[in-house]
Amino acid sequence: MTDTRRTPPPTAAAQHRRPFTLDPDRWEAERSRALRTGHVRDHTCTAECEPVLVYERTPWGWLAWTVPGDGTRPELPHQIGVLTPYARRTQRLAMRWLTRRPAQRLGLAPTVPGSLRLSAVAVAVVSLVAGLLAIAHGVPVDAALPGMVLVPLLVEHLPGRLDARAREHVRSVEGDGACRYLQRLAALHTFLVQAAAGSDRYELCRSAEIGRHTLWDAAGLLQTPDTRSASADLIARERLMVQLADQAAQILKRTPGPANADQARKPEQPLGPYPPGPRPAPHHTPGTLSLKGTLLMPQPQSGPDVRTADVYLLFAHEPYYPGPGTQEINTTVVTADTLLHPQVQQPDGARIHDLLTRGRQPGEIIPLATLTHELNGGADWPTVGDFERVTTDMAQLVRTQMCDALSLGLPEIARALICTGPDSEVRAIDAAAGESIVYGPDDRAKLLAEVGMFLTGIATAQPFWPGDGLLPPLCQSA
């Protein structure tokens with residue numbers, strides 16, 4: 001698959017270029033309200049102005065628009081908020097709380113700075129009347145007075161505490177540059193969601209899920225004080241979103257009707273959450289890596305004598321947890337050259353590297369089980385090397401951050417699929433239904449394609465660092 005950039009259909013891309021594109025009447029109603037109750041954005045605005053914001057809620061967050069005084073519809077949001085991808089009902093209610101209409105406030109005396117919420121003033125009046133009536137009916141003053149004072153204070157300050165609590169589940173950005181970037185990503189993500197909603201293809205559903213995590217990660221990067229240092233990661237995420245939209249458009253083009261049942265079936269939630277944490281900074285000079293879709297689009301095989309160093313090894317290992325509160329890591333992807341690291345058992349690593357890089361496509365991910373299949377079902381492993389010791393050494397390199405890697409926490413079925421050969425099957429027993437489910441080569445291929453999407457998103461900005469002091473490959477030392 002080439003790295004050609006395509007623009008998503010205009011219906012999706014245009015949805016966030018203007019406020020309430022799908023509901024123009026809603027914008028007119030909000031604009032009329034802003035003209036009556038708030039400060040609109042016009043030529044009289046200064047840095048101290050606080051123009052009224054109109055919140056457009058979306059499934060992933062919100063866009064906050066200002067209201068121009070000339071009656072036009074704005075093209076750039078004033079603020080964009082992104083809700084955590086794992087939002088529960090309570091967190092979604094928190095988002096609605098943050099996007100509520102601003103409270104009306106009453107100014108104090110001209111010589112006294114500040115203002116009070118209209119609701120707090122109303123509650124203060126009610127509590128005063130209620131307190132006086134309670135005292136008149138025999139309630140002690142020392143019991144009624146605290147309630148008369150504390151209730152208005154609670155109404156005044158509690159919303160601020162709730163705002164701070166709700167913001168723990170939301171990442172919001174402001175500023176023309178940051179909002180313009182997230183606006184583009186939001187349009188791409190909307191296209192992915194629309195493509196997945198109109199199809200039962202698992203690839204489309206997973207692309208929308210990856211796009212959701214990418215939007216969340218980008219919002220986090222834009223919150224860093226020095227966005228210049230995060231520019232490479234921001235570019236990589238936008239490239240990933242463009243590639244996902246490109247792939248979704250191709251799938252929709254090739255699939256005019258609903259997909260069959262086999263395409264809709266998937267092996268439980270293959271990858272689980274987005275890969276945890278940022279990978280360590282490489283110790284080499286950054287380079288470039290084109291976006292490859294080797295695992296997503298079939299390509300002709302290279303000859304058996306052609307060697308391709310730009311391939312990856314995927315292997316399962318003993319589970320571990322990289323830190324408190326993190327997910328389990330039980331599968332790792334490294335670049336082929338990591339097999340040449342001096343802390344990997346040699347010459348076993350170099351021999352596996354020779355086998356791994358022979359007759360492959362650039363960017364291809366090769367599971368260790370595929371090598372076992374090619375070695376006569378594992379019978380020829382003794383002539384190559386001790387793969388168990390080699391993978392243990394590489395897992396240790398990854399844990400000590402001596403090379404770059406993509407660490408994954410695969411569920412049971414997904415992990416079993418990559419631990420079997422390309423033509424094998426995995427059977428899962430559904431005790432409740434009293435039947436077995438068979439996962440085969442198609443499910444394995446979908447899983448590898450999914451891993452390829454993650455790998456592309458991380459390795460787009462720069463190639464994986466295999467480590468320092470690498471040994472020469474066998475083809476050069478022979």
Side-chain angles (χ1 to χ4, degrees), residues 213 217 232-233 236 270-287 289 295 309-353 355-357 363-372 385-411 414-415 417-419 447-448 450-471 473:
H213 285 277
D217 291 345
D233 292 330
L271 290 184
Y274 207 53
R279 64 188 179 101
H283 298 176
H284 68 302
T285 303
L289 178 66
L295 294 171
D310 186 18
V311 295
Y312 300 87
L313 176 66
L314 182 150
F315 61 94
H317 48 74
E318 288 295 325
Y320 69 90
Y321 294 86
T326 58
Q327 71 175 44
E328 173 188 287
I329 300 300
N330 54 32
T331 310
T332 298
V333 181
V334 296
T335 183
D337 286 349
T338 304
L339 290 161
L340 304 175
H341 198 283
Q343 294 195 22
V344 174
Q345 177 164 299
Q346 302 296 344
D348 304 50
R351 291 172 181 165
I352 298 176
H353 177 273
L355 177 65
L356 181 68
T357 58
E364 191 173 0
I365 300 177
I366 311 298
L368 183 67
T370 299
L371 300 182
T372 300
D386 186 351
F387 70 89
E388 294 182 345
R389 175 63 184 276
V390 168
T391 54
T392 299
D393 291 344
M394 288 193 298
Q396 182 62 25
L397 289 177
V398 173
R399 297 191 64 175
T400 56
Q401 299 186 357
M402 298 182 68
C403 68
D404 282 349
L406 173 60
S407 299
L408 300 170
L410 297 184
R415 193 166 185 262
L417 282 171
I418 61 100
C419 289
L447 175 62
L448 290 177
E450 187 178 349
V451 175
M453 290 184 184
F454 280 93
L455 185 65
T456 299
I458 295 178
T460 295
Q462 55 193 8
F464 268 28
W465 170 54
D468 294 327
L470 303 182
L471 303 176

Atom OG1 of Thr357 and atom NE2 of His353: how far apart are they, to the nearest 0.5 Å?
-> 4.5 Å
Kindly say whether the aromatic ring centers of Phe464 and Tyr312 come within a distance under 6.0 Å.
-> yes
Find the distance between CD1 (Ile365) and OG1 (Thr370) and round it off to the nearest 0.5 Å.
-> 11.0 Å
Tell me, please, which residues at least two apart from Arg399 pass salt bridge (charged side-chain N to carboxylate O under 4.0 Å, His left out).
-> none
Taking all heavy atoms of Val334 and all of Ala405, pick out the closest pair and write down the distance.
-> CG1-CB, 3.9 Å
Minimum heavy-atom distance Pro342-Gly469, with the two atoms named = CD-O, 3.2 Å
Side-chain contact test, heavy atoms from C-beta onward, threshold under 4.5 Å: evaluate it for Leu313 versus Leu371 and give yes or no.
-> yes
Rounded distance (nearest 0.5 Å) linking atom NE2 of His341 with atom CG of Leu471 | 9.5 Å
Tell me, with the steps shown, if Gln345 and Asp386 meet side-chain contact (heavy atoms from CB on, under 4.5 Å).
-> CA-CA 8 Å; Gln345 177 164 299; Asp386 186 351; 3.8 Å; yes
For residues Pro473 and Leu340, determine if any side-chain heavy atom of one lies less than 4.5 Å from a side-chain heavy atom of the other.
-> yes
Which distance, rounded to the nearest 0.5 Å, do you find between the CG of Leu448 and the CD of Glu364?
-> 9.0 Å
To the nearest 0.5 Å, tell me how far Leu314 CG sits from Leu368 CG.
-> 9.0 Å
For Ile418 and Pro367, the nearest pair of non-hydrogen atoms, with its separation, is O-CB, 3.9 Å
For the atom pair OG1 (Thr338) and CG (Leu470), what is the distance rounded to the nearest 0.5 Å?
-> 7.5 Å
Return yes if some donor-acceptor pair links the side-chain N/O of Gln396 with the main-chain N/O of Val344 below 3.5 Å, else return no.
-> no
Residues passing the salt bridge (charged side-chain N to carboxylate O under 4.0 Å, His left out) test with Asp393, sequence neighbours excluded, are Arg389
Minimal heavy-atom distance between Met394 and Phe315, with the atoms involved, is CE-CE2, 3.8 Å
Evaluate the side-chain proximity of Thr392 to His317: yes if any heavy-atom separation is below 4.5 Å, no if none is.
-> no
Taking the side chain as C-beta and beyond, is there a heavy-atom pair between Asp404 and Thr335 under 4.5 Å?
-> no
Is a donor on one side and an acceptor on the other found under 3.5 Å between the side chain of Glu328 and the backbone of Pro411?
-> no
Looking at Gly467 and Cys403, what are the two nearest heavy atoms and their distance?
-> N-CB, 4.2 Å
Shortest non-hydrogen contact from Ser407 toward Val398 | OG-CG1, 3.9 Å
